[in-house]
A.B. asks: 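Please find one structure pasted underneath; my questions will follow.
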Amino acid sequence: MMNMKILVTGRLPQDIFAGLKERFDVEMNTEDKPFERKKLLDGIRNKDGLLSMITDSIDEEFFERAMHLKMIAQFGVGYNNIDVAAATRRGIPVSNTPGVLTDATAEIAFVLILAVARRIVEGDRMTREGRFRWWAPMLFLGHQVTGKTLGIIGMGKIGTAVAERARCFGMPVLYHNRERISPSLENEVRASYVDMKTLLSRSDFVSLHVPLTERTRHLIGREELSLMKRTAYLINTSRGPVVDEQALLHALRAGDIAGAGLDVYENEPALTPGLTELDNVILLPHVGSGTVETRMRMAGMAAENLITGLSGEVPPNLVNPDVLATRRR
Ligand code: DGY
């Protein structure tokens, strides 16, 4: 493997980088910002492996240059930035980093649920600006979270972890998923399967945990928002394009829903103009997995996937198993 060359498009922790350098000839982005497109397209020409970030577009144009590429290890559980079908056609395995970011992302979903309902960010702003002048019984009220109904759309690992946390707050959980989860898991996390309409109309918080695919793009649009209660909140820690942001802006302005907690955006990092003017929305910079512990684990996992894949073995966390029949060597 010593003669193999790899490209790493994000800055990794020093010890993970050192581990890769012992095995490969490594070119790494050393800045904490997305790797420039031109550098990606030039850099991949002579590389055997890629450790990619969610901000890289791994598309046809990329693959046309990646003549020697034998493995892509994505740093992230989501991989909608990669044309996986194009990778499979060329015999290139693609892996991701599931599991290690489940807790961190479930935490952020709950941070947003609590923060938007209890007006935490607004309250902090008001206090810093010297606008906290007295206490009064009916001033600056939020809404209680305990006992409210939580609707989870997408009941994979992260959705399930959010349901587990809801139990501490005595929240009944409704969920909708492509496939129903097993009765024993439903029982364990105390979640009831319902159709989308029922979930949207009965939940006080709707939390999104689906991957971005052609089926889930704009899963939440004008019609879905209109089914939600006027007192309900929308929480998105999945991918921005799952929500039609214009429709959301309209619903927030019109008071069709009470508020939103967003960690991801339709045209990330750009925001739909108007969103920042609203007090009933909390805006985070895509930090669902953003803890020291989780990012270290993601880096270790992505590096392991790449090392195993380039050694000719079946890489763990393979997202395109069909590739094994036609794999590039
Ligand atoms: C992912 O892994 O898909 C997150 O969005 C970034 O960690």
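Numbering starts at 1 and runs along the sequence shown. First listed ligand is number 1; within each ligand, the first listed atom is number 1.
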A.B. asks: Check this for me: does any side-chain nitrogen of one of Glu186 and Arg180 sit under 4.0 Å from a carboxylate oxygen of the other?
C.D. replies: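 Looking at Glu186 and Arg180, the cut-off is met.
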A.B. asks: Where on Leu101 is there a heavy atom closer than 4.0 Å to ligand 1, on the side chain, on the backbone, on both, or on neither?
C.D. replies: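 Contact part for Leu101 vs ligand 1: side chain (C-beta onward).
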A.B. asks: Can we say Asp83 and Arg90 salt-bridge, meaning some charged N sits less than 4.0 Å from an Asp/Glu carboxylate O?
C.D. replies: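 Arg90 and Asp83: not salt-bridged.
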A.B. asks: Using a 4.0 Å cut-off to any heavy atom of Gly78, which atoms of ligand 1 qualify?
C.D. replies: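 By the 4.0 Å cutoff, the relevant atoms are 1 (C), 2 (O), 3 (O).
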A.B. asks: Identify the closest protein heavy atom to atom 3 (O) of ligand 1: which residue and atom is it, and at what distance?
C.D. replies: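 Sorting protein heavy atoms by distance from atom 3 (O) of ligand 1 puts Arg239 NH2, 2.7 Å first.
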A.B. asks: Starting from atom 6 (C) of ligand 1, locate the nearest protein heavy atom and write down its residue, its atom name and how far away it is, to 0.1 Å.
C.D. replies: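 Sorting protein heavy atoms by distance from atom 6 (C) of ligand 1 puts Ser289 OG, 3.7 Å first.
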A.B. asks: Need the ligand 1 atom indices (1-based, order shown) with element for anything under 4.0 Å from a heavy-atom of His286.
C.D. replies: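 So the answer, numbered in order with elements, is 4 (C), 5 (O), 6 (C).
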A.B. asks: Quick test of your reading of the model: are Glu60 and Arg89 salt-bridged, counting only N-O distances below 4.0 Å?
C.D. replies: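 Judged by the 4.0 Å cut-off on N to carboxylate O distance, Glu60 and Arg89 do form a salt bridge.
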A.B. asks: Of the non-hydrogen atoms in Leu174 and Leu199, which two are nearest, and what is the gap between them?
C.D. replies: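 The pair with the smallest heavy-atom distance is O-CD1, 3.8 Å.
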A.B. asks: Students should be able to answer this: which protein heavy-atom is nearest to atom 1 (C) of ligand 1, and at what distance?
C.D. replies: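 So the nearest neighbour among protein heavy atoms is Val77 N, 3.5 Å.
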A.B. asks: Under 4.0 Å between a side-chain nitrogen and a carboxylate oxygen: does that hold for Glu214 and Arg217?
C.D. replies: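 Looking at Glu214 and Arg217, the cut-off is met.
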